[in-house]
Amino acid sequence: MTETDSKESPPAPEPMHRLHFEEPGPPCPTELPGGTPAWLVSRYADVRQVLSDPRFGRAQLYAPDAPALSGVPDLVNDPDLMFNQDGPDHLRLRRTLRRAFTPRAVARWRPWIAAIVEELLDRLEARPQPADVVAEFALPLPVAVISRLMGLEESAWNRLREWSEHAFSDGTHEGEQVAAALGEFSAFGAALLAERRRTPGDDLVSGIVTAADAEGGVLEAQLVSLVCGLVVGGHDSTMTMLGNALLYLLGERRDTWPRLGADEEAAGRVADRLVHLVPLGDDRGSTRHAATDAEVGGVTIPAGAIVLADCGMANRDPEVFPPTTLHDLFAPLEAPTLSFGAGPHYCLGAWLARTELQLALHRLAARFPNLRLADPTDPIVWRTGTTSRSPRRLGVSW
Ligand code: HEM
């Protein structure tokens, strides 16, 4: 090999559905990607415990003397974010919108989510082939859904996507660029809150403002982070999931396509299995901080430790998910997946995401029974964020 060859770019990353996971075991010392020492927790029961146990919180991860978890400012590591609050501070924020996302509330939205799916599929059908199923479907679907919920104009979509790419930056953006984009995003969130406070409607942002004002004691900076977090969280994860799911289904699991299109209920089980099996990103876990010495799975994790709860490993724990059915996409899950977390920070949008994925996969397969990757040998160009990775484009024909 010549020196030039050895300097070539690193090997292309594996598709998310092919990432390798070690067998889970007892808690043990590890390192975070930046080299910070941490404890790895990987068995299903242990991960559930850490995510649900109040001795393991998030706020202390951002204490002034804590080691930096990220080199670049980003939204995930914003100390004002609801996700980074514990106990009563967290509950106060979560109460402002928890009623909005119940399965019953989401069931009421189902007809208009289905209408958005149909409209995007009409547009896709009218496109010349091959078409990009990410640009035409996987991205605009969750953006349209969260925008409708929050009462945002379509004219804001490009800006929102641009801010989101910076908010979940993978480190390829300059720090100053990220800070500037986050500043604009916060100003947008603050203006939106002010407008809905003046003229409330029946959208989510008006609901948050009303609930927060009734609750009292909620800092405005936290409300702004909540609104921005919902814009990003409300579409980025679902878009990522859908893009990676389509790469897997069309690339390796075309066998599932006829049944996906024929049976909406079965498509719901496939959505559950895909969320369970295909990680959103390469970081694999959710981090917590141990407030005191705490026993997990027979091992004492010392006070002050950073704990990495590896949901990907736990989702493959053979004690809970038999390897024989792990890849049977139509089999109901044997236990709740940890892909949406657990405990007080359990993903607020889990039911919404599941509904979007179920309808998206079912209707796409029903309307495009011959859908296939336009060129399965085409190398994937990845879009990478702080916590997510998915194809930037995916050419399909039908
Ligand atoms: C397939 C799609 C999605 C996946 C895999 C996902 C996954 C997750 C995970 C792993 C957590 C952290 C749980 C923990 O550490 O305990 C989380 C939290 C959260 N998610 Fe999602 N999510 C998805 C879609 C959504 C959507 C559509 C929304 C919004 C409408 C949303 C809003 C949130 C919020 C607000 C939190 C923070 C909750 C809190 O701190 O109390 N997510 N999500």
Side-chain angles (χ1 to χ4, degrees), residues 16 41 47-54 56-59 61 75-76 78 80-87 89-98 100-102 105-106 109 113 138 141-150 152 164 168 204-205 207-208 222 225-245 271-281 283-289 307-312 314-315 336-358 360-361 385-390:
M16 299 311 293
V41 171
V47 168
R48 277 195 84 91
Q49 182 197 329
V50 165
L51 297 182
S52 311
D53 184 331
F56 296 100
R58 289 216 28 110
L61 293 172
L75 192 64
V76 187
D78 169 3
D80 280 327
L81 197 66
M82 174 171 72
F83 186 45
N84 298 329
Q85 315 294 315
D86 297 330
D89 293 340
H90 170 252
L91 252 186
R92 204 176 301 125
L93 282 168
R94 185 137 172 152
R95 266 202 297 262
T96 63
L97 35 66
R98 71 173 163 202
F101 286 98
T102 58
V106 177
W109 307 336
I113 298 174
L141 170 63
V143 171
V145 169
I146 196 69
S147 298
R148 159 113 193 224
L149 276 176
M150 299 180 77
L152 306 176
S164 300
F168 274 7
L204 201 59
V205 182
I208 292 172
Q222 292 179 340
S225 292
L226 183 64
V227 165
C228 294
L230 276 176
V231 170
V232 183
H235 81 271
D236 195 272
S237 314
T238 312
M239 168 196 75
T240 302
M241 200 64 228
L242 198 48
N244 286 324
D272 291 339
R273 277 266 158 197
L274 288 168
V275 167
H276 184 68
L277 280 177
V278 185
L280 282 185
D283 67 334
R284 317 226 298 208
S286 203
T287 31
R288 297 292 189 271
H289 173 272
V307 182
L308 179 67
D310 193 320
C311 299
N315 278 343
T337 183
L338 290 169
S339 295
F340 290 120
H345 293 282
Y346 179 75
C347 175
L348 196 78
W351 200 253
L352 173 62
R354 192 212 188 245
T355 303
E356 287 183 53
L357 291 170
Q358 177 191 24
L361 293 175
T386 328
T387 56
S388 67
R389 173 158 69 84
S390 64

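Indexing begins at 1, ligand by ligand and atom by atom, following the structure's order.
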- Item | Under the side chain to side chain contact (heavy atoms under 4.5 Å, CB included) test, residues paired with Ala59 that sit two or more places apart | Asp86

- For ligand 1, what are the residues with a heavy-atom contact below 4.0 Å? Met82, Phe83, His90, Arg94, Phe101, Ile146, Gly233, Gly234, Ser237, Thr238, Met241, Leu280, Ser286, Arg288, Ser339, Phe340, Gly341, Ala342, Pro344, His345, Cys347, Leu348, Gly349, Leu352, Ala353

- The reported gap from CG in Leu361 to CG in Leu242 (rounded to nearest 0.5 angstrom) is 6.0 Å

- Message: Just by distance, no angles: are the side chains of Asp283 and Thr387 close enough, under 3.5 Å, to form a donor-acceptor pair?
- Response: no

- Please check if any side-chain donor atom of Thr96 sits under 3.5 Å from a side-chain acceptor atom of Arg94, or the reverse. no

- Exercise: identify the closest heavy-atom pair between Ala314 and Val47: CB-CG2, 3.7 Å

- Verify whether one side chain among Thr337 and Asp272 offers a donor that lies under 3.5 Å from an acceptor in the other. no

